[in-house]
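First comes the structure, then the notes that go with it.
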Amino acid sequence: MSTSDRPKDGKKSSAAKTTGKKPAPAPRAGAKPPSSSAGARSGPPARRAPAGAPVRRPRGPREDYPTVQAFVAIGANLGDAEAAVKAAMAAIGALQRTQVTARSSLYRSEPVDAEGPDFINAVVAVRTGLDAEQFLVALQRLETLAGRERPFPNAPRTLDLDLLMHGNSVIDTPALTLPHPRMRERAFVLKPLAEIAPDKVPRAALARVTGQVVKRIV
């Protein structure tokens with residue numbers, strides 16, 4: 001540069017100044033601009049449940065209802081009677097608003113006022129929110145599901161369910177009598193009942209049925 005081209009004040013032209021920094025590269029076509037909301041996440045990402053893990057659902061309100069204690073005599077003498085009695089115990093416990101609270105051992109007895117091979121018998125205690133008539137209908141439904149038929153009075157049976165007591169109910173109708181009118185005449189009822197509820201069986205009642213052969217098997 002000649003002296004005639006220099007500015008009179010001796011300073012270099014601003015066009016000749018350099019910053020020492022490289023110019024920023026131009027954005028590529030179609031590239032997304034950087035997000036201006038860095039740190040928008042408020043926390044760590046949500047964890048996913050592992051495959052096959054049970055799904056937790058909110059619990060509904062607890063169903064509360066009044067219950068009474070009841071006792072049911074179970075018997076069978078057709079087919080696999082022992083399996084039928086055990087299945088009946090489970091089925092009774094699965095009834096609506098009903099829970100089995102005690103189960104007797106299984107007993108073998110000769111038919112009384114009935115025909116066919118020996119019976120397998122037991123008694124269960126339950127707490128139920130069903131009234132006596134509702135409970136009876138439920139028990140009869142279980143008998144039907146087990147193949148119970150009534151071709152003639154006292155016929156052999158795949159399953160026999162007798163409602164012995166239902167709380168303090170005293171009922172005498174064509175469909176239901178409570179307490180069961182013949183329970184104190186039958187050793188195959190009194191012995192298993194005395195096993196799980198001795199306070200419900202007077203000693204005098206047990207003494208009167210000592211002549212009936214009932215053998216505990218399980």
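Worth knowing before you read on, the calculation uses all heavy atoms, side chains too, and leaves out hydrogens, waters and symmetry mates. Just so you know, residue 1 is the first one in the sequence shown, and it goes up from there.
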Q | Shortest non-hydrogen contact from G75 toward N121 | A | CA-ND2, 3.8 Å
Q.
To the nearest 0.5 Å, what is the distance between CD on E143 and CD1 on I74?
A. 10.5 Å
(Q) Determine whether a donor-acceptor pair (N or O, by modelled atom type, separation under 3.5 Å) exists between the side chain of S104 and the backbone of V123. (A) yes
Q: Enter the distance from L163:CG to L139:CG here, rounded to the nearest 0.5 Å.
A: 6.0 Å
Q. Side chains of L106 and V85: does their closest heavy-atom pair fall under 4.5 Å?
A. yes
Q) Are any non-hydrogen side-chain atoms of R203 and L206 less than 4.5 angstrom apart? A) no
**Q.** From CD1 (I120) to NZ (K86), nearest 0.5 Å
**A.** 10.0 Å
Q | Least distance between heavy atoms, L190 atom then A205 atom | A | CD1-O, 3.7 Å
Q. Got a donor-acceptor contact below 3.5 angstrom from the D172 side chain to the L178 backbone?
A. no
Q: Find the distance between CZ (R141) and CG (L95) and round it off to the nearest 0.5 Å.
A: 8.5 Å
Q.
Give me the atom names and distance for the closest heavy-atom approach of L130 to A138.
A. CD1-CB, 4.5 Å
**Q.** Student check: side-chain heavy atoms of V209 and R186 closer than 4.5 Å
**A.** no
Q: State the NE2-CG distance between H180 and D162, to the nearest 0.5 angstrom.
A: 4.0 Å
Q) I92 and V137: same hydrophobic cluster, using ILVMFWY side-chain contacts below 4.5 Å? A) no
Q. So, do V126 and Q69 sit near enough that their side-chain heavy atoms are less than 4.5 Å apart?
A. no
Q.
Does any part of the side chain of L142, heavy atoms only, come nearer than 4.5 Å to the side chain of L161, both counted from C-beta?
A. yes
**Q.** Check: F188 and R108 side chains under 4.5 Å, non-hydrogen atoms
**A.** no
Q | Shortest non-hydrogen separation from P192 to A187 and the atoms involved | A | CD-O, 3.8 Å
Q) Of all heavy-atom pairs between V124 and M89, which one has the smallest distance, and what is that distance? A) CG1-CG, 3.7 Å
Q. Between the main-chain N or O of P117 and the side-chain N or O of E110, is there a donor-acceptor pair closer than 3.5 Å?
A. no
Q: Please work out which of the three classes, parallel, tilted or perpendicular, describes the rings of F135 and H166, given edges at 30° and 60°.
A: tilted
Q. Do any N or O atoms from the side chain of D131 and from the backbone of E133 form a donor-acceptor pair under 3.5 angstrom?
A. yes
(Q) Could you check whether any side-chain N or O of T173 sits under 3.5 Å from a backbone N or O of L176, counting only pairs where one atom can act as donor and the other as acceptor? (A) yes
Q.
Check whether S169 reaches the backbone of M165 with its side chain - one donor and one acceptor, N or O, closer than 3.5 Å.
A. no
Q | Short side-chain donor-acceptor distance under 3.5 Å, S105 and R216 | A | yes
Q. What's the shortest heavy-atom distance between A146 and T158, and which atoms?
A. O-OG1, 3.1 Å
Q: Go through K200 and L164 one step at a time and tell me if the side chain to side chain contact (heavy atoms under 4.5 Å, CB included) criterion holds.
A: CA-CA 11 Å; K200 302 295 183 182; L164 304 176; over 6 Å; no
Q: Determine whether S109 and D118 make a side-chain contact, defined as any pair of heavy atoms from C-beta on separated by less than 4.5 Å.
A: no
Q: Only one of K191, K215, E195 passes side chain to side chain donor-acceptor pair (under 3.5 Å) with Y107; say which it is.
A: E195
Q) How many angstroms lie between CD in Q140 and CG in L145, if you round to the nearest 0.5 Å? A) 12.0 Å
Q: Tell me whether V189 is reachable from I196 by hopping between hydrophobic residues (I, L, V, M, F, W, Y) whose side-chain heavy atoms are closer than 4.5 Å.
A: yes
Q) Going by heavy atoms in the side chains, are L78 and L159 under 4.5 Å from each other? A) no
Q: Following the transitive rule for hydrophobic clusters with a side-chain heavy-atom cut-off under 4.5 Å over Ile, Leu, Val, Met, Phe, Trp and Tyr, establish whether L136 and V68 coincide in one cluster.
A: no
